[in-house]
Structures are given as C-alpha cells and as structure tokens.
Amino acid sequence: ALVVPAREACEDWAKSEGLPDTPWEELATSGILRKRLQTRISKRLKGLAQHEQVRRIMLWPEPLTIEDGLLTPTLKIKRRKVYERFGDELEALYGG
C-alpha cells in the first residue's frame, strides 16, 4: 500500500519517542516510522481475511493533490497516474 502519513501526528509521535529532530522528508520515509505504521495497520486489519491484509507499505511524504495530477477534482485517486509515478516502487512491494 502507498501510505501518506499524517505529518503532525508523526512528528508528535517521534518527539514522544525521543527521536532526534529530523527533517520531515527523512522521517516520513524512515524505517522506524514505516515499521510503526505497518504495525498499526496490521492491528487494524487483523479481523480481515489474509488476502485482504496489507503486507507491505511504502511511505510518501507529500499528500496526493489535484495539482500534481494524482487526484481528480472530486478528490478521487487517479490510479493510472499513481502507478505511472510510483510503479517501480509499488512493484517492489510485491517482489519481496
């Protein structure tokens, strides 16, 4: 899954964990934050069938927007455009 973390919540979490001040772009793509979010997602999806579970995530520091062409004016995700931009990274999630 492609996950756009909530910046303020993640920065607050990092401070509460005593992590050093880190620029958002580094924190948002760090292994420690990815592991934290993966654990939280897994707990939330625990009751779903195994094929419905999210096994791996990729973090992206910036929200998807209409201006970057990844959302429609009604805020729906343009899946084809997302895949064009993040295709290699998303394919890597399936590869292991």
Side-chain angles (χ1 to χ4, degrees):
L2 175 63
V3 176
V4 179
R7 182 177 185 161
E8 194 171 307
C10 292
E11 289 174 338
D12 291 345
W13 170 79
K15 285 179 188 173
S16 72
E17 292 293 313
L19 297 175
D21 282 339
T22 307
W24 170 243
E25 289 74 21
E26 288 180 38
L27 177 63
T29 57
S30 69
I32 191 167
L33 181 60
R34 186 181 49 73
K35 184 176 179 181
R36 163 83 172 158
L37 293 175
Q38 180 70 59
T39 300
R40 292 193 64 173
I41 290 168
S42 294
K43 284 182 182 178
R44 288 284 197 155
L45 301 178
K46 189 176 181 181
L48 297 177
Q50 189 174 9
H51 69 275
E52 296 174 306
Q53 305 249 346
V54 173
R55 293 188 186 105
R56 294 181 192 96
I57 62 172
M58 179 187 108
L59 300 182
W60 184 251
E62 299 299 323
L64 307 180
T65 65
I66 297 168
E67 291 77 23
D68 66 13
L70 299 176
L71 293 178
T72 68
T74 57
L75 304 181
K76 294 179 185 131
I77 296 172
K78 292 183 177 179
R79 293 176 189 266
R80 187 176 318 136
K81 295 288 186 182
V82 168
Y83 190 76
E84 285 173 11
R85 183 182 244 174
F86 302 108
D88 292 337
E89 294 91 340
L90 293 171
E91 286 295 323
L93 292 175
Y94 287 98

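Count residues from 1 along the sequence.
- Environment of CD1 in Ile77: sparse, with no more than 12 heavy atoms of neighbouring residues, nucleotides or ligands closer than 6.0 Å.
- Atom CG of Leu19 has more than 12 neighbouring heavy atoms from other residues, nucleotides or ligands inside a 6.0 Å radius.
- Considering only residues two or more places apart in sequence or on other chains, Lys43 meets the side-chain contact (heavy atoms from CB on, under 4.5 Å) condition with Thr39.
- Of all the heavy atoms in Leu45 and Gln53, the pair that sits closest is O-NE2, 2.8 Å.
- What you find for Pro73 and Ile66 is that their closest heavy atoms are CA-CD1, 3.8 Å.
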| message | Set out, in order, the CA-CA distance, both residues' side-chain angles and the distance that settles side-chain contact (heavy atoms from CB on, under 4.5 Å) for Phe86 and Leu70, then state yes or no. | response | CA-CA 11 Å; Phe86 302 108; Leu70 299 176; 4.1 Å; yes

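- Interatomic distance, CZ of Arg55 versus CD of Gln50, reported as 5.5 Å (0.5 Å rounding).
- The side-chain hydrogen bond (donor to acceptor under 3.5 Å, both in side chains) pairs that include a residue from residues 6-27 are Arg7-Glu11, where partners are two or more places apart or lie in different chains.
- Residues Trp60 and Leu75 share a hydrophobic cluster, clusters being chains of Ile/Leu/Val/Met/Phe/Trp/Tyr side chains in contact below 4.5 Å.
- The closest side-chain heavy-atom distance from Leu93 to Ile57 is not below 4.5 Å.
- The shortest non-hydrogen separation linking Ala14 to Leu27 is CB-CD2, 4.0 Å.
- Counting only distance, with no hydrogens or angles, the side chain of Gln38 and the backbone of Val54 share a donor-acceptor pair below 3.5 Å.
- Residues passing the ring-ring contact (aromatic ring centres under 6.0 Å, His included) test with Tyr83, sequence neighbours excluded: none.
- In this structure, CD1 on Ile32 lies 11.5 Å from SG on Cys10, to the nearest 0.5 angstrom.
- Minimum interatomic distance between Leu64 and Leu71 (heavy atoms only, all atoms of both residues): O-CD1, 3.1 Å.
- Here Arg44 contributes atom CZ and Ile41 contributes atom CD1; the two are 10.5 Å apart, rounded to the nearest 0.5 Å.
- Minimum interatomic distance between Ala28 and Pro5 (heavy atoms only, all atoms of both residues): O-CG, 4.3 Å.
- Counting heavy atoms from C-beta on, the side chains of Thr72 and Lys78 come closer than 4.5 Å.
- Leu37 and Leu48 fall within a single hydrophobic cluster, where Ile, Leu, Val, Met, Phe, Trp and Tyr are joined by side-chain heavy atoms under 4.5 Å apart, directly or via other members.
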